[in-house]
Asks: 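The structure under discussion is supplied below as structure tokens; questions concerning it will follow.
Counting from 1, the numbers follow the sequence of the chain as shown. In this text, all values refer to a predicted model and were calculated from it rather than measured experimentally.
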Amino acid sequence: MAQRRPITTRDRKWAQRMAAWLAQKEVTPNRISQASILFAAVAGAAFWLSGGVSALWLVVAALGVQGRLLCNLFDGMVAVEGGRAEPDGPFWNEAPDRYADILILVGMGLGVGAPALGWAAATMAVLTAYTREAGAAQGLEPDFSGPMAKQHRMALATVVAVVAIFLPAVFGHATLAVALWVIVLGTALTAAARGMRMIATLKSR
């Protein structure tokens, strides 16, 4: 049964070389996972400080989101391909992702003056992961499908941060708010679709 999120970047030479280098330097998968929380905190704080309009902070936010995703990539590669899996790895593989989603999405909400919207997006993001893990706990293959899985919402957060830099202030601010609404609705649909597939699979046993 596949337990890892399918990521095509794992097959890229640069990613394999970087993962091998990290393993050789004895950087543990857990430390990489923990670093993802730091990148997410930077991204969330930068979104907040940007107010949806500051180019400098929006660049920092975009870089923080990408740093979070790179950590998500390399922790698994170092653990599996690098043979450095740790006994408590399952916790550090999952928990930091939830913290990171909350930090980034709530930061976006604070940045556009809509904290409730940020919290709604964070809650729905956590719900998609919960639904996947609920199925896995029943012995089902983990469901990493979208339309608004982790990689999709982080890609959207990065894109809108970059786009907002080049827009007039009022439009940049609105762009982030619209992105949050898209994430809220998309993650709700994702959680519902995963739940329906889980129910159908359980009934077919």
Asks: Between V78 and V27, which heavy-atom pair has the shortest distance, and what is it?
Replies: CG1-O, 3.6 Å
Asks: Is it the case that over 12 heavy atoms from other parts of the model lie below 6.0 angstrom from the CZ atom of F91?
Replies: yes
Asks: Apply side chain to side chain contact (heavy atoms under 4.5 Å, CB included) to the pair L117 and W181, showing each step before the final yes or no.
Replies: CA-CA 7 Å; L117 183 58; W181 275 111; 3.7 Å; yes
Asks: Between I165 and A55, what is the shortest heavy-atom contact and its length?
Replies: CG2-CB, 3.8 Å
Asks: Would a single hydrophobic cluster contain both W92 and F74, if residues Ile, Leu, Val, Met, Phe, Trp and Tyr are joined by side-chain heavy-atom contacts under 4.5 Å?
Replies: no
Asks: Restricting to side-chain contact (heavy atoms from CB on, under 4.5 Å), what partner residues turn up for A164, sequence neighbours left out?
Replies: L58
Asks: Output all residues satisfying salt bridge (charged side-chain N to carboxylate O under 4.0 Å, His left out) with R98, sequence neighbours left out; order by chain, then residue number.
Replies: E94, D101
Asks: Tell me the closest heavy-atom pair linking T201 and S204, and the distance in Å.
Replies: O-OG, 2.7 Å
Asks: If we only count heavy atoms from C-beta on, is the M148 to M124 side-chain gap below 4.5 Å?
Replies: no
Asks: Got a sec: does the CE of M18 have more than 12 other heavy atoms crowding it under 6.0 Å?
Replies: no
Asks: Heavy-atom distance under 4.5 Å between the side chains of P147 and H152, does that happen here?
Replies: no
Asks: If you round to the nearest 0.5 Å, how far is OG1 of T175 from CG of L167?
Replies: 5.0 Å
Asks: Do L63 and L176 belong together in a cluster built from hydrophobic side chains that touch within less than 4.5 Å?
Replies: yes
Asks: Just so I know, are the side chains of I102 and V126 near enough to count as touching, which here means a heavy-atom distance under 4.5 Å?
Replies: yes
Asks: Could you give the side-chain donor-acceptor pairs of residues 34-47 under 3.5 Å, partners two or more places apart or in another chain?
Replies:
| from | atom 1 | to | atom 2 | distance (Å) |
| --- | --- | --- | --- | --- |
| Q34 | OE1 | R31 | NH1 | 3.0 |
| S36 | OG | S33 | O | 2.5 |

Asks: Could you tell me whether the side chain of H173 and the main chain of G52 form a donor-acceptor pair under 3.5 Å?
Replies: no
Asks: Can you name the nearest heavy-atom pair linking M108 to A179, along with the distance?
Replies: CE-CB, 4.4 Å
Asks: Do M77 and L70 belong to the same hydrophobic cluster, where Ile, Leu, Val, Met, Phe, Trp and Tyr are linked whenever their side-chain heavy atoms lie under 4.5 Å apart, directly or via other members?
Replies: yes
Asks: Could you go through the side chain to side chain contact (heavy atoms under 4.5 Å, CB included) check for R84 and E26 one step at a time?
Replies: CA-CA 9 Å; R84 295 185 59 83; E26 299 187 352; 4.0 Å; yes
Asks: Check the hydrophobic clustering (I, L, V, M, F, W, Y; side-chain heavy atoms under 4.5 Å; chains of links allowed) and say if V163 and V112 are grouped together.
Replies: no
Asks: Backbone N or O of D143 within a donor-acceptor pair of the R194 side chain at under 3.5 Å?
Replies: yes
Asks: Passes side chain to side chain contact (heavy atoms under 4.5 Å, CB included), L105 versus I183? Steps please.
Replies: CA-CA 9 Å; L105 296 174; I183 291 172; 3.8 Å; yes
Asks: For the residue pair L69 and Q151, establish whether any side-chain heavy-atom pair is separated by less than 4.5 Å.
Replies: no
Asks: Quick one, I104 with M154, criterion side chain to side chain contact (heavy atoms under 4.5 Å, CB included). Give me CA distance, side-chain angles, the key distance, then yes/no.
Replies: CA-CA 9 Å; I104 292 171; M154 291 301 100; 3.7 Å; yes
Asks: Given side chains that start at C-beta, do those of L127 and T131 come closer than 4.5 Å, heavy atoms only?
Replies: yes
Asks: If you group Ile, Leu, Val, Met, Phe, Trp and Tyr by side-chain heavy-atom gaps below 4.5 Å, do I32 and W14 land in one group?
Replies: yes
Asks: Indicate the atoms forming the closest heavy-atom contact of L110 with P115, along with that distance.
Replies: CD2-CB, 3.7 Å
Asks: Measure the shortest side-chain to side-chain distance between R205 and L140 over non-hydrogen atoms and say whether it is less than 4.5 angstrom.
Replies: yes
Asks: State whether the side chain of Q16 and the backbone N or O of R10 hold a donor-acceptor pair below 3.5 Å, judged by distance alone.
Replies: yes
Asks: Would you mind reporting whether K150 and N72 have side-chain heavy atoms less than 4.5 Å apart?
Replies: yes
Asks: For residues R68 and D97, determine if any side-chain heavy atom of one lies less than 4.5 Å from a side-chain heavy atom of the other.
Replies: yes
Asks: Side chains of S145 and R132: any donor to acceptor distance under 3.5 Å?
Replies: no
Asks: Search all heavy atoms of V162 against all heavy atoms of A62 and return the closest pair with its distance.
Replies: CG2-CB, 4.2 Å
